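For the single chain, residues carry numbers from 1 onward in sequence order. Remember, it's a predicted structure, so these values are computed and weren't measured experimentally. We count ligands from 1, going down the list as the structure has it; atoms in each ligand are counted the same way. The figures here come from the full heavy-atom set of this structure, side chains too, leaving out hydrogens, waters and symmetry mates.
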Amino acid sequence: MAERFYVTTPIYYVNDVPHLGTAYTTIAADALCRAHRLFGFETRFLTGTDEHGLKLATVAEERGEAPQAFVDRMSSPFRAAWPELGISNDDFIRTTEPRHKAFVQAFWSKVEARGDLYEGAYEDWYCVGCESFKTEKELEDGCCPVHKKPAQKVQEKTFFFRLAKYQDELLALYKERPEFIEPQTRRNEVVSFVSGGLRDLSVSRTSFSWGIPVPGHDGHVMYVWFDALANYLSALGGENGEFGHFWAPNSKVVHLVGKDILRFHTVYWPAFLLAAGYTRDELPTTVFAHGFLTIDGQKMSKSLRNAVDPIRLAREVGRDALRWYLLRSIAFGQDGDFSHEALLTRRDADLGKNIGNLLSRTLGLCTKFFESRVPGHHGDTPLETELHANVDREVATAEKAWREIDPTRALEATAAVGQLANQYVDRAAPWSTAKQGDMERTATILATLLAVIERISVLLMPVTPALADDMRAQLGLAPLTPVPGTNLWPNATPSRTAGETLSPRGPLVPVLDEAAKKALLEKLMPPREDPKMTNENASADVAPAAPALPVAPAAPAEALAPIAYDDFAKVDLRVGLVLSADRVPKKDKLLKLSVDVGEPEPRSIVAGLALSFKPEDLVNRRVVVVANLAPRDFGKGLVSHGMLLAAGPSENLRLATAPDDVAPGSKLK
Ligand code: MSP
């Protein structure tokens with residue numbers, strides 16, 4: 001029986017149009033799904049739109065539209081966008097559909113019948129941007145730290161969900177099934193959040209009506225996240241549909257989300273499922289949180305999001321090139337920057353020069369020497385044996401990486417196969433063997449190359465399906481059709497035999513010359529925003545941010561006596577990844593950090609950074625750590641096991657950092 005794979009994207013709020021951020025998650029989910037289809041999994045891929053809640057009701061009202069008409073209008077751009085990006089979803093769910101409403105109401109009733117809902121009154125803060133409750137402690141000057149807008153004081157009758165009751169069971173889940181939250185750094189964040197204690201959650205609203213009615217309790221509509229999370233099940237057709245098929249202990253269920261909504265998926269969602277009677281075995285396999293993208297170094301403000309339209313990019317630069325770049329250049333799981341220039345450079349280097357040139361040069365030689373036919377193979381030399389061994393290794397690495405939700409690594413291995421084949425052509429030099437009249441050797445070299453190119457065409461299928469089909473057509477091969485139960489990941493045996501015709505038809509991806517590249521960049525690049533205006537709230541009536549304090553003290557640093565290299569080498573300087581950061585009670589300047597420095601356990605480091613950074617701004621940043629400084633005791637059990645490097649006055653420090661692709665624990669030398 002074929003293994004099963006069910007992958008989902010978040011369902012997107014329809015107050016926005018599809019943008020690069022939502023396209024990123026959707027493309028990643030698509031590539032993962034296509035890879036699993038090739039491995040022979042029976043797959044299901046879901047995306048959709050989230051259409052209830054206060055945020056949408058408010059926007060609809062501001063625009064003078066009825067909420068239903070508004071969400072109907074705003075959902076269609078999502079449905080229309082995804083095919084343009086090569087997305088192969090099986091279903092598109094809208095939370096205003098009857099199939100969803102009916103499912104969620106039944107789900108609610110199950111939770112209620114099991115005793116995990118109770119009536120009460122809620123009195124606290126709410127951020128409409130997040131559609132999330134906030135405690136006083138979480139707010140900064142009354143504002144949501146993410147949206148920078150004032151939180152609303154909410155006071156209303158509500159149903160509470162007994163979230164606190166699930167604290168131990170959730171912690172046991174994270175421990176027992178570490179793959180439930182990926183990547184690992186994210187798991188640490190969630191574990192520390194849940195360990196800090198959970199409060200029961202308000203899950204119904206009575207002050208507005210744009211939501212799914214709570215069954216049997218007039219006046220209550222469900223909290224939008226209770227409604228939204230259940231889409232992953234409602235879309236499977238309830239218990240009589242595909243539910244038991246794809247949502248089952250033997251099906252791999254993966255929710256891809258951005259790091260912004262990790263908590264909803266790893267704390268609320270499993271708790272709701274457990275409360276509705278699902279066992280720990282019946283929870284999703286993995287919630288994978290990827291990082292956030294900036295655009296050309298700037299935060300994705302609304303205007304920037306609109307200026308960098310993924311559909312336009314796909315049309316101008318190539319849909320597959322965009323997909324390749326996003327998954328190859330931005331380490332999946334980490335924050336990354338989208339840059340137009342990097343997109344073009346990556347397209348030219350990997351798809352144009354590396355893989356595209358390999359194809360054209362091989363087919364060109366087959367045309368020249370073998371009348372565009374597949375040449376015969378006349379026995380391997382050590383060169384071929386070495387090539388095959390290296391290619392086998394990369395092909396296996398790519399498969400493992402896809403299975404482990406690591407597209408970046410998978411594409412790195414795919415590109416490596418192209419590089420190996422290009423090195424092989426240079427070493428085997430078929431043009432010289434032909435010149436020397438050794439046509440058997442020339443035929444063997446070209447047949448070997450065709451076999452490797454065929455393997456590359458399969459490796460490319462998850463991410464650049466159209467280019468993969470184009471390559472196959474040039475090789476005279478039909479597109480590959482996945483079959484559940486059969487792993488089509490490429491082995492070394494070519495499908496074509498000697499004498500069959502090839503169909504070269506020009507470059508796979510044309511490489512641009514400098515002038516053409518410059519012209520395309522000018523066309524694509526959005527005007528650079530004033531950094532003061534990149535905030536979502538930016539408008540003419542917002543006071544400009546205070547000018548930044550100077551980063552370095554005015555006086556030059558005092559020169560110290562020279563030291564020998566050996567003395568410098570005694571300092572263990574390493575790259576660290578900040579896993580968590582917390583204020584230290586009664587110590588205004590100090591933050592307590594947990595930092596991964598490449599050791600089995602993270603280090604606890606106390607740093608005087610609190611005047612310059614909010615704790616949450618440090619999480620996930622790469623820093624430079626002095627790892628062999630003797631521990632420093634701050635009293636009351638607070639001990640620092642290392643020091644971070646920074647420059648500037650203590651109220652405006654800048655951290656020494658390292659690029660995102662440097663592994664925690666890497667030595668600085
Ligand atoms: N409706 C909720 C999700 C409910 S899922 C049961 C929601 N919607 S959203 O429209 O705000 O989409 C958030 C998601 O969009 C992120 O989790 C991420 O997948 C994607 N992104 C939005 N901005 C992004 C970046 N700047 N970078 C990368 N992904 C981003 O939250």
Side-chain angles (χ1 to χ4, degrees), residues 7-30 32 46-56 59 71 74-75 77-78 81-82 85 87 92-96 100 103-104 107 127-132 144 146-147 186 211-212 222-235 253-270 272-273 284 287-308 310 326-327 330-338 534 536 620 660:
V7 63
T8 65
T9 71
I11 46 171
Y12 303 114
Y13 287 129
V14 294
N15 61 323
D16 213 333
V17 291
H19 56 75
L20 197 66
T22 45
Y24 179 56
T25 319
T26 314
I27 289 172
D30 183 70
L32 263 185
L46 174 71
T47 186
T49 43
D50 193 352
E51 305 187 0
H52 289 125
L54 188 55
K55 172 159 49 187
L56 295 178
V59 181
V71 298
M74 296 297 285
S75 174
F78 285 89
W82 302 143
L85 298 177
I87 305 301
F92 185 100
I93 182 114
R94 298 183 53 193
T95 53
T96 48
H100 176 72
F103 178 87
V104 181
F107 189 80
C127 167
V128 186
C130 301
E131 291 282 18
S132 179
C144 160
V146 182
H147 290 91
R186 300 281 167 215
I212 299 184
M222 290 180 205
Y223 169 45
V224 63
W225 276 98
F226 188 94
D227 154 358
L229 287 161
N231 90 89
Y232 302 131
L233 284 178
S234 68
V253 177
V254 175
H255 297 315
L256 272 197
V257 298
K259 63 177 186 180
D260 54 330
I261 53 173
L262 180 66
R263 208 177 272 184
F264 298 99
H265 283 81
T266 54
V267 182
Y268 296 177
W269 181 223
F272 293 161
L273 285 165
V287 176
F288 191 103
H290 64 67
F292 253 46
L293 301 184
T294 47
I295 296 179
D296 290 328
Q298 303 178 70
K299 181 179 171 260
M300 258 200 232
S301 63
K302 202 149 200 164
S303 53
L304 200 50
R305 284 208 293 263
N306 294 341
V308 185
L326 286 174
L327 297 183
I330 296 162
F332 201 63
Q334 292 171 26
D335 289 342
D337 186 46
F338 170 92
T534 54
E536 208 75 310
N620 255 329
D660 271 0

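Checked against the 6.0 Å centroid threshold, Y24 and F338 do not count as a close aromatic pair.
The shortest heavy-atom contact between T25 and P10 is CG2-CD, 3.6 Å. Scanning all heavy atoms of the two residues, the minimum distance from A29 to T9 falls at CB-CG2, 3.7 Å.
Rounding to the nearest 0.5 angstrom, the gap separating the CG atom in D337 from the CD1 atom in I295 is 8.5 Å.
Side-chain atoms of I11 and F78, non-hydrogen and from C-beta on, never get closer than 4.5 Å to each other.
Taking 4.0 Å as the cut-off between side-chain N and carboxylate O, E51 and R94 count as a salt-bridged pair.
For ligand 1, the 4.0 Å heavy-atom shell takes in P10, I11, Y12, Y13, H19, G21, T22, T25, D50, W225, A228, L229, N231, Y232, G258, D260, I261, H265, H290, G291, F292, L293, M300, ordered by chain and residue number.
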